[in-house]
Amino acid sequence: MTLTVESGDRYVLEDVVTEIKEAAEQKGVQLKGPHPQAPQELRVPQSADLSADGDRLDPWHYTVFTRTIEIIGHDEFARDVTEWDFPERVHIGVSVEQRRGAGR
């Protein structure tokens, strides 16, 4: 199971990742990571008014920082983490890799 933690605020992101790591250590959960991803630079166009052909403002620029954490064999811990109250500036995503035995 992989947790993806994203935020536009690098310091809040690092606080959340540290909190997850410390909780995992206390519960004996094995983690791989956090693995930092390259920051993503985003630009959002802005209109000066509501018409489609109206004037444009300078685009809004922002950066999204991402860390991935692999949780080894502790699905319950991963589910618990997703239910924590995180700051609104932090997004937590979960991906589950399903493995099947040979011949299935």
Side-chain angles (χ1 to χ4, degrees):
M1 186 171 287
T2 303
L3 294 177
T4 302
V5 186
E6 297 177 321
S7 180
D9 185 331
R10 181 185 308 184
Y11 302 106
V12 171
L13 174 75
E14 295 302 337
D15 289 345
V16 167
V17 168
T18 298
E19 184 179 342
I20 293 169
K21 285 175 47 179
E22 289 173 353
E25 287 174 11
Q26 289 177 352
K27 295 187 181 230
V29 173
Q30 182 182 356
L31 300 179
K32 287 187 180 178
H35 305 289
Q37 308 300 313
Q40 191 175 18
E41 301 289 332
L42 302 173
R43 290 173 47 133
V44 179
Q46 299 185 87
S47 295
D49 55 40
L50 296 178
S51 69
D53 299 323
D55 293 334
R56 295 279 189 191
L57 300 172
D58 289 336
W60 176 44
H61 296 268
Y62 66 101
T63 305
V64 176
F65 301 95
T66 305
R67 304 289 182 270
T68 57
I69 303 169
E70 295 174 62
I71 299 173
I72 313 299
H74 288 273
D75 295 345
E76 185 176 326
F77 175 77
R79 278 191 295 275
D80 290 347
V81 168
T82 62
E83 294 175 0
W84 292 357
D85 287 328
F86 293 107
E88 288 184 21
R89 299 178 302 229
V90 175
H91 173 77
I92 303 288
V94 178
S95 61
V96 179
E97 181 181 326
Q98 214 170 15
R99 296 185 180 162
R100 295 182 175 250
R104 289 190 177 199

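Start at 1 with the first residue, then count along the sequence.
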All pairs passing ring pair (Phe, Tyr, Trp, His ring centres under 6.0 Å) where residues 12-42 contributes a residue, at least two apart: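 Ring pair (Phe, Tyr, Trp, His ring centres under 6.0 Å) check on residues 12-42 returns no pairs.
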From [atom1] ([X]) to [atom2] ([Y]), nearest 0.5 Å:
X	Y	atom1	atom2	value
Gln40	Thr66	CD	OG1	6.5 Å
Met1	Thr82	CE	OG1	8.5 Å
Ser7	His91	OG	NE2	11.0 Å
Thr68	Glu6	OG1	CD	10.5 Å
Ile69	Leu3	CD1	CG	6.0 Å
Arg56	Asp58	CZ	CG	12.0 Å

Members besides Val64 in its Ile/Leu/Val/Met/Phe/Trp/Tyr cluster (side-chain heavy atoms under 4.5 Å):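 For the cluster that includes Val64, the remaining residues are Leu42, Val44, Trp60, Tyr62.
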Could you list the donor-acceptor pairs under 3.5 angstrom formed by side chains in residues 10-18, with sequence neighbours left out?
| unit_1 | atom_1 | unit_2 | atom_2 | d |
| --- | --- | --- | --- | --- |
| Glu14 | OE2 | Arg67 | NE | 3.0 |
| Glu14 | OE2 | Arg67 | NH2 | 2.6 |
| Thr18 | OG1 | Glu14 | O | 2.9 |

What pairs with Asp9 under salt bridge (charged side-chain N to carboxylate O under 4.0 Å, His left out), at least two apart in sequence or on another chain?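 Per chain and number, Asp9 pairs via salt bridge (charged side-chain N to carboxylate O under 4.0 Å, His left out) with Arg89.
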My understanding is that only residues two or more places apart in sequence, or in another chain, count here; which of them pass salt bridge (charged side-chain N to carboxylate O under 4.0 Å, His left out) with Arg79?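 Salt bridge (charged side-chain N to carboxylate O under 4.0 Å, His left out) check on Arg79 returns nothing, list empty.
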Please enumerate all residues that pass ring-ring contact (aromatic ring centres under 6.0 Å, His included) together with Phe65, with sequence neighbours excluded.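 Partners of Phe65 by the ring-ring contact (aromatic ring centres under 6.0 Å, His included) criterion come out as none, since no residue qualifies.
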So among Thr2, Val94, Ile20, Val29, which one has a side chain to side chain contact (heavy atoms under 4.5 Å, CB included) with Ile71?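 Per the side chain to side chain contact (heavy atoms under 4.5 Å, CB included) rule, the option paired with Ile71 is Val29, out of Thr2, Val94, Ile20, Val29.
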